[in-house]
Amino acid sequence: MSSKKNDFTVDTGGVNALLTGLSSRFKEETPVQTPHDGRTAERQNGTTAPAPKPSKYTLLLDQDDALTLDQLALTLRRRTGRPVDKSEILRTLIRIADQDDRVTEALARTLDRRTT
């Protein structure tokens with residue numbers, strides 16, 4: 001080890017003054033957020049965070065499946081009276097399969113037949 005003294009010093013007074021000046025710009029801390037209740041967290045200014053962006057997937061369909069999806073979109077457009085996006089159809093089918101055990105079971109049976 002060297003017995004030399006430090007040949008420089010650091011003055012932190014400017015940093016302390018800067019931090020003191022900044023602290024007056026922020027409001028009081030908000031109370032601890034309640035346990036997750038399914039709502040979007042609220043920011044200090046009262047706005048909510050934006051909804052998360054959807055994930056992007058590529059779906060490869062053979063001609064028959066592509067035609068069936070097109071026909072389904074057209075049928076749903078006629079029934080609902082508004083354009084129905086194919087990705088909306090697929091998202092809805094995923095939710096239905098997740099929520100209804102009968103649909104999940106039918107999906108499992110269909111997939112089992114395709115793999116055997």
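Keep in mind that the numbers below use all heavy atoms, side chains included, and drop hydrogens, waters and symmetry copies. As the structure is a prediction and not an experimental result, all values here were calculated from the model.
Atom CZ of R91 sits about 13.5 Å away from atom NZ of K86, to the nearest 0.5 Å. Put simply, CD on E105 and OG1 on T110 are 9.5 Å apart, with the number rounded to the nearest 0.5 Å. Atom CD in Q99 sits 12.0 Å away from atom CD1 in I94 (nearest 0.5 Å).
In this structure, Q71 and L67 have side chains that are in contact, with non-hydrogen atoms separated by less than 4.5 Å.
Residue I96 is found in a hydrophobic cluster whose other members, listed by chain and number, are V103; membership requires side-chain heavy atoms under 4.5 Å apart, directly or through intermediates. Hydrophobic cluster membership of L69, counting Ile, Leu, Val, Met, Phe, Trp and Tyr whose side-chain heavy atoms lie under 4.5 Å apart directly or via other members: L59, L61, L72, L76, V84, I89, L90, L93.
Listed by chain and residue number, P83 satisfy the side chain to side chain contact (heavy atoms under 4.5 Å, CB included) test with R77 (two or more places apart in sequence, or in another chain). With sequence neighbours left out, the salt bridge (Lys or Arg N to Asp or Glu O under 4.0 Å) criterion links R102 to D100. Remark: D62 pairs with D64, D65 by the side chain to side chain contact (heavy atoms under 4.5 Å, CB included) rule, at least two apart or across chains. In this view, D85 satisfies the salt bridge (Lys or Arg N to Asp or Glu O under 4.0 Å) rule with no residue, not counting sequence neighbours.
There is no side-chain donor-acceptor pair under 3.5 Å between R79 and T75.
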